[in-house]
Amino acid sequence: KRRFKVELALRVIKNSRPMLMERALDGKIHKKRVFWYKSKEELDVLFKSYYMLVERMGFHPPLFEVEENIIIIAKRIVDREAEIVTRVQSRYVHRLSSNKTIF
């Protein structure tokens, strides 16, 4: 069950915009600091099989910590996307309501 959640979270992270990823990792915005991998090889293995990456790194950081970080980052990305969509919709609705003509 947990592995399925992590796989879904990895899919969210992989398909996210780089700007959203940077914001999700920003330590100034969020209270809990998280880590992420920088090299392309690590990211390729992570998206292929995160368990294999953790195993290759000698379980440092531990598996539960890697899973927790992945889930937190994905949640931050989804939350930010929802926030941006809400702002865009709000502006659109406001623009529609202000352009009404009265007969």
Side-chain angles (χ1 to χ4, degrees):
K1 188 175 179 179
R2 184 168 178 91
R3 192 169 259 186
F4 180 73
K5 272 184 167 179
V6 174
E7 293 292 335
L8 284 177
L10 280 171
R11 197 172 309 150
V12 167
I13 292 169
K14 187 175 185 178
N15 295 328
S16 71
R17 311 284 272 167
M19 204 165 81
L20 290 172
M21 186 65 181
E22 287 175 22
R23 185 175 173 94
L25 295 173
D26 192 0
K28 297 174 186 172
I29 298 171
H30 305 286
K31 293 178 183 175
K32 181 168 171 51
R33 293 184 58 106
V34 293
F35 66 89
W36 194 242
Y37 303 98
K38 296 197 180 356
S39 75
K40 185 180 180 334
E41 294 79 22
E42 286 178 335
L43 289 173
D44 289 343
V45 175
L46 177 74
F47 290 127
K48 196 174 207 177
S49 171
Y50 75 94
Y51 186 82
M52 187 187 331
L53 178 66
V54 173
E55 195 175 55
R56 285 183 183 179
M57 297 182 84
F59 293 97
H60 182 68
L63 180 64
F64 75 91
E65 194 172 317
V66 172
E67 291 173 337
E68 185 178 298
N69 274 330
I70 290 170
I71 291 171
I72 288 171
I73 292 169
K75 183 178 179 338
R76 289 177 183 178
I77 289 171
V78 169
D79 289 348
R80 180 64 180 162
E81 283 176 343
E83 182 182 329
I84 291 170
V85 167
T86 302
R87 286 183 183 180
V88 169
Q89 287 175 343
S90 169
R91 288 180 185 168
Y92 182 72
V93 168
H94 177 71
R95 189 173 290 160
L96 283 178
S97 65
S98 64
N99 287 337
K100 288 184 180 177
T101 47
I102 301 173
F103 293 100

For a quick test of your reading: what N or O donor-acceptor pairs under 3.5 Å do the side chains of residues 47-56 make, sequence neighbours left out?
unit_1: Ser49; atom_1: OG; unit_2: Met52; atom_2: N; d: 3.4
unit_1: Tyr50; atom_1: OH; unit_2: Glu67; atom_2: OE2; d: 2.8

Using the test salt bridge (charged side-chain N to carboxylate O under 4.0 Å, His left out), find all partners of Arg80 that sit at least two apart in sequence or belong to another chain. Glu83
Is a side-chain donor or acceptor of Thr86 paired with a backbone partner of Ala82 at a separation under 3.5 angstrom? yes
If hydrophobic clusters are built from ILVMFWY residues whose side chains come within less than 4.5 Å, do Phe59 and Phe64 share one? no
Applied to residues 15-30, the salt bridge (Lys or Arg N to Asp or Glu O under 4.0 Å) test, sequence neighbours excluded, yields none
Taking only residues at least two apart or on different chains, which pairs with a member in residues 5-14 satisfy salt bridge (Lys or Arg N to Asp or Glu O under 4.0 Å)? none
Got a sec, which residues hit ring-ring contact (aromatic ring centres under 6.0 Å, His included) with Phe35, two or more places apart in sequence or on another chain? Tyr37
For the atom pair [atom1] ([X]) and [atom2] ([Y]), what is the distance rounded to the nearest 0.5 Å?
X     : Y     : atom1 : atom2 : value
Ile13 : Ile71 : CD1   : CD1   : 9.5 Å
Leu10 : Asn15 : CG    : CG    : 10.5 Å
Leu43 : Lys40 : CG    : NZ    : 8.5 Å
Ile84 : Met19 : CD1   : CE    : 6.0 Å
Ile77 : Ile72 : CD1   : CD1   : 12.5 Å

Please report the closest heavy-atom contact between Val66 and Pro61, naming both atoms and the distance. CG2-CG, 3.8 Å
Through direct or indirect side-chain contacts below 4.5 angstrom among Ile, Leu, Val, Met, Phe, Trp and Tyr, which residues connect to Leu8? Phe4
Are the side chains of Met21 and Ile73 in contact, using a 4.5 Å heavy-atom criterion? yes
Quick one, Ile70 and Trp36 - any side-chain contact, counting heavy atoms below 4.5 Å? yes
Step by step, would you call Val34 with Arg76 a side-chain contact (heavy atoms from CB on, under 4.5 Å)? CA-CA 11 Å; Val34 293; Arg76 289 177 183 178; 3.7 Å; yes
